[in-house]
Amino acid sequence: MLWRRSLTTKLDFFFTSPSKFQFSTLVHNQESSFQPLPLTKEAFAEALQSCRSHTHQLKQIHGLLLTTGLSIKNSLLTCLLSNLTVLGNMSYARKLFDDMHKPRIFLWNTLIKGYSKNRIFVEAVLVYREMRLVGVRPDSFTFPFVVKACGELPEKWIGSGVHAHVVKFGLEFVAMVRTELMLMYVGFGELVLADLLFQSMFERDLVSWNALIASLVQNGHASKALALFRQMSIAGVKPDAATIVSVFSGCGQLGCLEIGEEIYRVARKEGIDCNIIVENARLDMYVKCGNADKARNLFEKMSKRNHISWSTMILGYAINGESEKALALFSRMQKDDVEPNNVTYLGVLSACSHAGLVNEGRAYFDYMTQSDDKNIRPRKEHYACMVDLLGRSGHLEEAYKFINSMPIEPDYGVWGALLGACAIHKNVEMGQHVADRIFQLSPDIGSYHVLMSNMYAAAGRWDYVDKVRLKMRKKGVKKVAACSSVECKGEFHVFYGGDRSHPQSLLIYEKLDQLLKDMRSIGYIPKTNSVFHDVETEEKEATVSAHSEKLAIAFCLVNIQPEFPIRVMKNLRICDDCHTFSKYVSKLTMREIIIRDKIRFHHFRNGLCSCKDFW
DNA sequence: CTAGGGTTAG
């Protein structure tokens, strides 16, 4: 009976919060004291199952397990180890593992899975190596997690090495192993290899299709994902909600509304359109396609809404230039007792930023700072948003002071927001200073070099422009090529600056010439001050007049019926001249032009833009 | 004695 009493003491913790944790079997054992039951394996198993939230309780169970003298079964250990990894206590999990005598394969697997799930990828792969060194043969449960971990390592050769192991152990055709390999290669940008693995799969289930589609979208290969979706329909595989969510997200990325609507019809036919995640994804698709009306209609008739729905809609209004509606929706959200989170506040702050609502922005930010809720306290992104708001509206000094008063270390994103503002307000001096800070933090981000170069060019400082170019070449910094894309009759067309590769190229340039001529007659003057080099005016005009968005607009004028708006997606920010150009075109042709640039939409109608020229 | 896929922002 002595050991019974000491156990009872050790079991005290079980009674600390009985409502939360039900350790029924163990508790029952202790309470029915007139006939003490032995602490059985089943009792421990049940206790472990129900006790997932506190490490110290797991530790006590472990201790208890050792004192009972029960032979410690592998199943109990696996459960204990797995619970520890779920709690994220990997150091204790490792200790437990190290105390084991010749751990069996599934214990190794559980440990690897733990490291992988806790995003300690190097360790996951190291454990795999260790396991090989002691001669344990990996099985089909080992590799999914090792491969996933390899996908997160910058050293791609490790992934290839593990792939070789997969082949060596004859597991390359196991569906889940192969799925993970595919995902790894998509992450590496090795799309051909990923596709090869996929196409030569024996058993492709829905999840492997979904996994590949989703990872393509998440890695920015949305058009490849849509192609795969098409292949899936041809193969006769019915999509489920997860598929639809990914392809909606892909459509949003590309800005193809027509294809998105087509997919919605498929979803409705399959009866998978009313799930809240699917609806949120569709909402986001409308927002990213610049159709705030469709987004609002959907939002209003959604059967259920969560904070993601609200945040998406708020941000949707913000980037489409309807800031008042964004802020109104935010207060409605609060009245509806839906808790905003930090993403919601990003939407709110960017609404203020796009509309130049400085005082409102300050007020929201102060509210965030003073909030008791950790989820609402401002993070780097919010600081960047505030810097953008202050700087863009001309309060450069205040923005600078704001950065210096930050309680967290400003990153290049925060400084970058200020650099953008310096460029808008042509403050070369501060721009130089800010650029120095940025290049100390991360020297090889092309867009900031380009911003500096443009700033110098606008100020006529060609000597500095050359310096920047030289520096970029020396450091191997590449600037991202500007490109614009357009959806037309279910096809996707991409244009680069000065591009003549499109089959309709002649027609497009003809249209463009005509437009420019007509526009000049009603007062359009090309603005060429953002052109890189100190060249003759004529040459500069030629460069500017072939910017990708101009080509895309001309293409739409040739190909898209007048009753439809022209929608162009651009990967960088729109330049001053293209903005003016689009205003003139909208007036001249009576067409609605919608341009999505890197951070927001411009809706041009009758010579005016929804951004009110503030961007 | 354990496994793979889905929504906002960055």
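Side chains included, hydrogens not; waters and symmetry mates left out as well; all remaining heavy atoms used. Just so it is clear: chains get the letters A, B, ... in the order the sequence lines come, proteins before strands, and each one is counted from 1.
- Residue contacts shown for A:S311 include a base, since a base heavy atom lies under 4.0 Å away.
- A salt bridge does not link A:D366 with A:R362: every distance from a Lys NZ or Arg NE/NH1/NH2 to an Asp or Glu carboxylate oxygen is 4.0 Å or more.
- A salt bridge links A:R332 to A:E300: one of the charged nitrogens lies within less than 4.0 Å of a carboxylate oxygen.
- Residue A:A241 is classed as a base contact, given a heavy-atom separation below 4.0 Å to a base.
- Between A:Q218 and the phosphate of B:dT7, there is a side-chain N or O to OP1/OP2 separation shorter than 4.0 Å.
- Aromatic stacking is not marked for A:F106 over B:dT2, as the cut-offs of 5.5 Å for the centres and 30° for the planes do not both hold.
- Salt bridge A:D597/A:R573: present, at least one basic N to carboxylate O contact under 4.0 Å.
- Across all strands, A:K380 comes closer than 4.0 Å to no nucleic acid atom at all (heavy-atom distances).
- Within the nucleic acid shown, A:A242 comes within 4.0 Å of at least one base atom, counting heavy atoms only.
- A sub-4.0 Å separation between OP1 or OP2 of B:dG4 and a side-chain N or O of A:K117 is present.
- A:V177 comes within 4.0 angstrom of no nucleic acid atom, judged by non-hydrogen atoms across all strands.
- Taking the ring axis of A:Y128 as reference, the NZ or CZ atom of A:R132 does not stay both within 45° of it and closer than 6.0 Å to the ring centre.
- Contacts of A:F145 with the nucleic acid, taken as non-hydrogen atoms under 4.0 Å apart, involve only primed sugar atoms and P, OP1 or OP2.
- Note on A:N275: a base of the nucleic acid sits closer than 4.0 angstrom, heavy atoms only.
- Residue A:S208 is classed as a base contact, given a heavy-atom separation below 4.0 Å to a base.
- Counting non-hydrogen atoms under 4.0 angstrom, A:T179 reaches a base of the nucleic acid.
- The residue A:L315 sits close only to the backbone: its heavy atoms come under 4.0 Å of sugar-phosphate atoms, none of a base.
- Residue contacts shown for A:D284 are limited to sugar-phosphate atoms, with no base heavy atom under 4.0 Å away.
- Close to B:dG4, at under 4.0 Å from its OP1 or OP2, lies no side-chain N or O of A:K148.
- Not a single donor-acceptor contact under 3.5 angstrom links the side-chain atoms of A:D240 to the base of B:dG6.
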